[in-house]
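Have a look at the structure below before the remarks.
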Amino acid sequence: MSALKISVLFFLELVIQLAIVANSQELVLGFYNDTCPEAENIVNQVTALYIYNDSTLAPALLRLTFHDCFVRGCDASILLEPTNANNATEITAPPNLTLRGFEVIDAIKTKLEEYCPGVVSCADIIQLAGRDAIQTAYGASWVVLTGRRDGTVSLASEALEDLPSPYSNFDALKQKFEAVGLSVKDLVVLSAAHTVGVAHCPSFSGRLYNFSGEGGTDPSLDPNYAKFLKQKCPPNDQLTTVYQDPITPNKFDIGYYVAVDQHEGLFESDAALLDDNETRGYLESQLWTMGWTWLEDFGVSMMKMYKFKVLTGTEGEIRKKCGYVN
Ligand code: HEM
Ligand SMILES: *[C@@H]1O[C@H](CO)[C@@H](O)[C@H](O)[C@H]1NC(C)=O
Ligand SMILES: *[C@@H]1O[C@H](CO)[C@@H](O)[C@H](O)[C@H]1NC(C)=O
Ligand SMILES: *[C@@H]1O[C@H](CO)[C@@H](O)[C@H](O)[C@H]1NC(C)=O
Ligand SMILES: *[C@@H]1O[C@H](CO)[C@@H](O)[C@H](O)[C@H]1NC(C)=O
Ligand SMILES: *[C@@H]1O[C@H](CO)[C@@H](O)[C@H](O)[C@H]1NC(C)=O
Ligand SMILES: CC(=O)N[C@H]1CO[C@H](CO)[C@@H](O)[C@@H]1O
């Protein structure tokens with residue numbers, strides 16, 4: 001091969017490498033430092049205003065980070081509204097019936113569009129607001145890297161397929177987490193997000209009145225807790241909510257692990273953490289050490305989750321309105 005040919009090939013290779021770099025980049029700390037210096041402050045301030053008025057929005061905003069990332073990656077597909085009768089988007093799927101906090105995301109986006117139009121992605125807003133909400137309400141925090149871009153597709157069918165059901169057993173949970181690059185440890189660590197927030201009766205009433213389709217009560221549920229839940233949730237109650245962590249419902253702590261360990265995990269998917277050696281081992285180690293590493297582990301697992309299949313560089317777009325593709 002001639003020297004010229006080699007250098008041409010080398011040059012082509014370089015161009016291809018650069019194109020790949022331009023197209024897909026890593027998330028970074030402070031992606032908007034230059035393009036919208038106030039971006040993270042604005043997210044923080046608007047989120048805090050909403051949380052001061054209604055602290056129950058904090059768990060709701062954390063849950064949005066999970067529902068966004070598990071379906072098509074963290075690309076704000078969860079926010080897209082259906083634009084015609086034929087395309088049911090993710091928010092029309094049953095798991096999303098109980099999602100809340102969309103008004104906070106919209107208020108943040110509106111403010112950001114005033115300061116720096118077309119710069120900050122809705123996908124980044126979801127992750128920043130989820131973190132800021134928990135920090136404002138409970139003092140716990142983790143690092144959020146930015147630079148995500150917004151997707152253009154959202155399908156209800158995928159939400160049903162990719163999100164774990166509260167009636168999942170351990171194997172189903174493991175499989176759904178592995179599908180988004182998360183480990184069994186991430187499963188037990190992130191499930192403890194249920195240390196805050198509430199659930200509606202239908203998310204667990206199958207355990208009270210029709211366990212495994214046989215009409216009884218789940219024998220793995222503590223009998224007194226089952227009695228309490230039945231009082232709160234008569235059959236077919238769709239609207240009542242119950243704290244997910246009956247021990248310390250308003251603290252971002254290991255109260256959830258205490259509850260699960262006492263057979264007061266609300267969902268079958270919570271109780272399932274006792275069915276596997278690794279998840280049970282982690283849970284018990286946190287109980288023995290009063291949650292020594294859980295919060296740190298939580299940050300590490302969030303950082304794994306929020307990187308899943310992100311769009312960066314020139315992929316996707318920056319939506320003008322979070323509910324609609326440009
Ligand atoms: C392990 C699999 C998971 C399942 C099966 C699951 C399922 C659920 C269900 C059914 C609800 C209650 C919905 C309702 O009835 O109102 C809920 C609430 C919640 N989930 Fe999960 N979840 C899981 C993992 C996660 C993860 C990974 C996070 C966050 C990192 C999370 C955060 C939350 C929060 C904060 C709430 C309370 C929301 C509120 O108060 O509005 N969940 N989850
Ligand atoms: C943004 O600023 C922070 C704080 O000064 C710094 O740590 C970070 O590396 C910066 N990021 C970028 C992409 O410039
Ligand atoms: C404050 O929270 C209540 C519900 O707790 C809600 O009805 C009201 O609209 C909120 N106000 C603002 C300004 O967000
Ligand atoms: C809705 O359907 C149209 C046409 O079928 C499609 O082009 C569009 O991408 C869909 N919207 C979303 C958000 O998936
Ligand atoms: C209980 O579950 C079984 C199996 O899913 C179903 O066929 C039956 O209709 C359910 N019963 C009630 C009262 O919901
Ligand atoms: C789980 O631990 C028990 C007791 O330590 C052991 O007998 C069992 O084989 C373990 N199961 C698995 C799947 O590792
Ligand atoms: C928050 C939200 O948009 N929820 C939607 C979930 O899906 C139902 C239809 O199944 C819609 O009516 C809700 O508005």
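For ligands, and for the atoms within them, numbers begin at 1 and follow the listed sequence. Both backbone and side-chain heavy atoms feed into the values below; hydrogens, waters and symmetry mates do not.
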Q | Verdict with supporting geometry, R72 and E158, salt bridge (Lys or Arg N to Asp or Glu O under 4.0 Å) | A | CA-CA 8 Å; R72 275 190 177 264; E158 290 183 341; 2.7 Å; yes
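- The protein heavy atom nearest to atom 13 (C) of ligand 5 is N210 ND2, 4.4 Å.
- Within the 4.5 Å cutoff, no side-chain heavy atoms of T312 are placed close to those of R148.
- Aromatic rings of F70 and F308 (six-membered ring for Trp) have centroids beyond the 6.0 Å cut-off, not under it.
- Shown here, atom 9 (O) of ligand 5 is out of close reach of the protein: none of its heavy atoms lies under 4.0 Å off.
- In terms of modelled atom types and a separation under 3.5 Å, the side chain of T195 and the main chain of A192 share no donor-acceptor contact.
- Polar contact check, L29 against ligand 2: a nitrogen or oxygen pair lies under 3.5 Å apart.
- The nearest protein heavy atom to atom 2 (O) of ligand 5 is closer than 4.0 Å.
- Note: an N/O pair closer than 3.5 Å links N53 and ligand 3 by distance alone.
- Annotation: atom 6 (C) of ligand 2 to nearest protein heavy atom, N33 ND2, 4.2 Å.
- Taking the six-membered ring wherever Trp is involved, the centroid distance between the rings of Y306 and W142 does not fall below 6.0 Å.
- From the protein, the heavy atom lying nearest to atom 4 (C) of ligand 5 is G213 CA, 3.7 Å.
- Relative to the ring axis of F170, R280 does not place its NZ or CZ within 45° and under 6.0 Å from the centre.
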